Each structure stands twice: as structure tokens, then as C-alpha cells.
2 protein chains.
Amino acid sequence: MNDNMLALENHLCFAVYAASHAFTKAYKPLLAELGVTYPQYLVMLVLWEKRVATVTEIGGALGLDTGTLSPLLKRLEKTGFIRRERSKEDERQVSIQLTPSGLAKREVGTRIGAAIGNATGCGLDSLGQLLQTMKTLRHNLEEA
Amino acid sequence: MNDNMLALENHLCFAVYAASHAFTKAYKPLLAELGVTYPQYLVMLVLWEKRVATVTEIGGALGLDTGTLSPLLKRLEKTGFIRRERSKEDERQVSIQLTPSGLAKREVGTRIGAAIGNATGCGLDSLGQLLQTMKTLRHNLEEA
DNA sequence: TAAAATTATATTGTGCACAACATAAATTGG
DNA sequence: CCAATTTATGTTGTGCACAATATAATTTTA
């Protein structure tokens with residue numbers, strides 16, 4: 001309607017974009033100890049849950065394509081947290097699995113996640129509600 | 001506490017990260033017509049508001065550093081929407097200003113913002129409330 | 001079963017995003 | 001006024017993120 005609609009401060013898209021960056025920055029010093037970046041931490045979350053996954057499965061969980069994941073997974077392999085092994089049954093797919101070293105970092109990951117949860121300053125229930133709101137927002141945007 | 005805390009689906013950080021990507025993807029086809037990327041659109045929002053700004057001012061508004069902005073602004077200059085001119089009074093700073101061509105895209109920008117606002121599927125008031133929540137979240141994360 | 005289509009991953013190119021470092025102009029303190 | 005510091009911007013290197021394309025293995029179909 002008026003000029004206010006154009007103002008940066010009234011754009012939800014920017015508020016979400018800025019909050020996402022704020023999360024990445026908040027995680028950074030904690031993840032540095034672990035030796036991974038934030039997107040690498042997301043991959044670790046998937047693997048701590050599933051233990052083994054194909055590249056496609058990880059991409060589906062995180063919404064990332066192979067152009068992003070291929071080099072990222074090679075870096076995680078170099079760090080020693082995962083192994084990449086071409087499947088025997090179907091040689092098109094690569095099986096990504098935790099190494100003992102990667103599995104051992106699970107507890108550290110849990111601590112880091114909890115620490116950031118605190119840093120949001122949201123109570124546990126309002127945090128759960130916000131989680132649901134963001135999922136709905138994402139879903140609506142992907143529909144349209 | 002239990003395993004659920006480690007699950008990807010319970011991480012607010014990931015929900016925000018995914019929503020931010022969803023915004024970028026939703027904007028992409030609309031911005032392609034305009035000939036800019038999503039971060040470039042954010043810079044244009046700042047300039048549509050202020051008309052002229054230094055690199056530092058734009059960085060402050062968007063939370064981006066010069067390593068990101070320097071090349072981005074050169075691309076916007078090549079597109080023809082802005083001019084970069086070293087200030088006469090203080091030769092350390094570069095004045096970024098809209099060209100007539102860049103100013104003329106203001107109406108298109110307003111339409112695009114409104115279109116995405118609709119795509120969120122949020123009513124105007126719940127959208128305003130969510131905006132405030134995300135600002136608070138960002139602020140809390142930057143404090144901690 | 002041989003050709004066509006599909007599936008899974010990898011590669012290349014462009015554009016963010018930031019840390020670390022570099023440079024040059026302005027400001028300040030002695 | 002001159003040296004030291006601060007300020008504003010730029011450059012380099014690493015790591016996402018995705019589109020477009022490539023490759024190779026499987027599956028389908030004729």
C-alpha cells in the first residue's frame with residue numbers, strides 16, 4: 001500500500017534470512033571445537049539419526065543437491081567422521097556411514113544443540129510452537 | 001534429554017535455515033525478470049529507501065561485510081541499477097547511488113514483495129507478529 | 001536382448017558469505 | 001606537525017548453494 005511495505009525492516013524474508021545467519025554465527029565457535037561447519041553439522045545430525053544413508057537421502061532430508069553435498073561429504077571424509085563407499089548392489093549409489101570417530105561425537109553434538117536452544121532465549125514450549133510455524137512457512141512457500 | 005533432542009526435525013535452527021532457502025527459491029523466478037539475485041534485491045531495498053548510501057551503511061543494514069558486498073555491488077553496477085563513486089570529501093568511502101534505471105524498478109520491487117507476502121500464506125497481522133518474533137530471535141542469538 | 005529412459009552421483013560455473021589480510025585516507029596524541 | 005591509530009574499502013582463500021551438464025549404472029520397453 002504505502003512506502004512502509006517496501007522498507008527492509010518490514011520484510012519477513014529478510015528477518016528470516018538474518019535469523020538464519022545469526023544461528024550460523026552462534027554455532028560457529030561451538031562447532032569449531034568439533035571441527036565441522038554448520039552445514040556439515042546438519043549432515044552429522046542426519047547420520048547420528050540414521051547411521052547410514054545415501055547421498056540422495058541426505059539431500060532429501062536437508063533440501064540440498066549433489067552439487068553441494070558431493071564436495072561437503074568429501075571434506076567430512078577427510079576429517080574422518082564419515083566413510084564414502086560405493087554400494088555393491090547398485091553401483092550408482094554411494095553409501096555414507098559414520099566412522100567410530102564420527103559416532104563418538106554424538107554426545108558433543110547433543111550438548112551443542114542444547115546450548116544454542118538456550119541462546120534463543122525462547123522457552124521450551126514457545127520454541128516448539130515457533131518450530132511448527134517455520135515448518136508451515138517453508139511448506140507454504142514451496143507450494144506456491 | 002532423550003534422542004528426540006538430537007533429531008533434525010526438532011532443530012529450530014534447521015527450520016529457519018530451510019525457510020530462508022524456501023524464500024530465496026520463491027523469489028528467484030520473480031527476481032530473474034528484474035535481473036537481480038536475492039541478496040542484490042536486499043541491497044536494492046536499502047537503496048529504494050535511502051537513495052544513496054556508503055558501503056558500510058548497506059553492510060550495517062543487511063549484516064553483510066565488505067568481502068560480500070564489494071563484488072556484489074560491482075555486479076549491480078554492471079547491471080546498470082547503481083553507480084559507485086568515491087566520495088570527494090572523504091576518499092575512503094564509496095558512495096553507492098541508484099541510477100534512474102535502478103529507481104525505475106521500485107514499483108516492480110513493491111509488486112514482488114507483495115506477491116511473496118501472499119505466498120507465505122500468513123494473514124497480515126500474524127505476519128507482523130512473526131516478523132517481530134524473528135527479530136527478537138536474531139537479537140537474542142547475537143547477544144549470546 | 002538391444003535401445004531408450006530413468007536414476008544416482010559427480011563436475012563446472014556463478015554467486016553469496018565470511019575470515020584474514022592489505023591499503024590508503026582521515027583522525028588523534030604527543 | 002608528525003607518528004600512531006582508526007576508519008572505509010578492497011582482495012584472497014575456503015566453503016556453501018544451485019543450475020546445467022556429464023557420466024555411468026540400472027530399469028523399462030519394444
Side-chain angles (χ1 to χ4, degrees), chain A residues 13-14 17-29 31-32 35-44 52-79 82 84-96 142, chain B residues 13-14 17-29 31-32 35-44 52-79 82 84-96 142:
Chain A
C13 65
F14 174 66
Y17 166 94
S20 181
H21 287 176
F23 264 120
T24 302
K25 282 176 195 164
Y27 267 105
K28 179 166 245 194
L31 293 178
V36 299
T37 64
Y38 178 66
Q40 286 169 19
Y41 170 72
L42 295 179
V43 170
M44 293 302 284
V52 180
T54 65
V55 176
T56 302
E57 283 168 346
I58 296 173
L62 300 180
L64 297 176
D65 68 10
T66 64
T68 301
L69 285 176
S70 260
L72 186 155
L73 291 171
K74 284 179 186 171
R75 285 187 285 270
L76 270 181
E77 184 181 42
K78 190 170 299 185
T79 306
I82 68 167
R84 294 163 59 252
E85 191 177 9
R86 203 157 281 276
S87 163
K88 293 281 193 281
E89 311 91 60
D90 187 340
E91 290 194 10
R92 289 173 304 180
Q93 54 193 21
V94 171
S95 162
I96 307 296
E142 287 175 348
Chain B
C13 66
F14 174 66
Y17 167 94
S20 181
H21 286 176
F23 264 119
T24 303
K25 283 176 196 166
Y27 268 105
K28 179 164 243 192
L31 293 178
V36 299
T37 64
Y38 177 65
Q40 287 170 18
Y41 170 73
L42 295 178
V43 170
M44 292 301 285
V52 180
T54 64
V55 175
T56 302
E57 284 167 346
I58 296 173
L62 300 180
L64 297 175
D65 67 10
T66 64
T68 302
L69 284 175
S70 260
L72 186 154
L73 292 170
K74 284 180 185 170
R75 284 187 285 271
L76 270 181
E77 185 181 42
K78 189 170 296 185
T79 306
I82 68 167
R84 294 164 61 252
E85 191 177 8
R86 203 156 281 276
S87 162
K88 292 281 192 281
E89 312 91 60
D90 187 339
E91 290 195 9
R92 290 173 305 180
Q93 54 193 21
V94 171
S95 161
I96 307 295
E142 286 174 351

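The figures that follow rest on heavy atoms only: side chains count, while hydrogens, waters and symmetry mates do not. Here the structure is a predicted model, which means the values were calculated and not measured. First the proteins, then the strands, lettered A, B, ... as listed; each starts at 1.
- Protein chain B touches strand DNA chain C; the 5'-most and 3'-most nucleotides with an atom under 4.0 angstrom of its non-hydrogen atoms are C:dG15 to C:dA26.
- At whole-Å resolution of the value, CD in B:Gln93 and P in D:dG10 are 11 Å apart.
- For the OP1/OP2 pair of D:dA8 and a distance below 4.0 Å, the side-chain nitrogens and oxygens of B:Arg84 include no atom meeting the criterion.
- Here D:dA25 is the nucleotide among D:dT11, D:dA25, D:dC18 with the atom lying nearest to any side-chain atom of A:Glu91.
- B:Ile96 has its CD1 atom 12 Å from the C1' atom of D:dA8, to the nearest Å.
- Taking for each of A:His21 and A:Leu73 the nucleotide of DNA chain C with the nearest heavy atom, the 5'-most of the two is the partner of A:Leu73.
- When B:Val52, B:Leu76, B:Ile82 are each tested for a side-chain contact (heavy atoms from CB on, under 4.5 Å) with B:Ile96, only one passes: B:Ile82.
- Not less than 6.0 angstrom separates the ring centroid of A:Tyr17 from the ring centroid of B:Phe23.
- Atom P of nucleotide D:dA8 and atom CG of B:Asp90 are separated by 8 Å, given to the nearest angstrom.
- Residue order along DNA chain C, read from the 5' end via each residue's closest nucleotide, puts A:Arg86 first among A:Lys25 and A:Arg86.
- If B:Lys28 and A:Gln40 are placed on DNA chain D by their nearest nucleotide, the residue sitting closer to the 5' end is A:Gln40.
- Atom CG of residue B:Leu31 and atom OG1 of residue B:Thr24 lie 9.5 Å apart, to the nearest 0.5 angstrom.
- In this entry the distance linking CG of B:Leu31 with P of D:dA19 reads 14 Å, nearest Å.
- Contact annotation for B:Thr37: backbone-only contact, meaning every heavy-atom pair under 4.0 Å involves sugar-phosphate atoms and none involves a base.
- The residue B:Thr68 sits close to a base: some heavy atom pair falls under 4.0 Å.
- At the heavy-atom level, A:Thr54 lies under 4.0 Å from the strands shown only through sugar-phosphate atoms.
- Remark: the B:Arg92 side chain and the D:dT9 base include no donor-acceptor N/O pair separated by less than 3.5 Å.
- To the nearest 0.5 angstrom, A:Thr68 atom OG1 is 10.5 Å from A:Leu62 atom CG.
- Nearest-nucleotide positions on DNA chain D for A:Gly63 and A:Glu89 put A:Gly63 closer to the 5' end.
- Rounded to whole Å, atom C1' of D:dA8 lies 16 Å from atom CG of B:Leu64.
- Using a distance-only test at 3.5 Å, with no hydrogens or angles considered, a donor-acceptor pair links the side chain of A:Arg86 to the main chain of A:Arg92.
- When every heavy atom of B:Pro29 is checked against every heavy atom of B:Ala26, the shortest pair comes out as CD-O, 3.5 Å.
- The residue A:Leu69 sits apart from the nucleic acid: no heavy atom pair falls under 4.0 Å.
- In this structure, B:Arg84 CZ and B:Lys78 NZ are separated by 11.0 Å, a value rounded to the nearest 0.5 Å.
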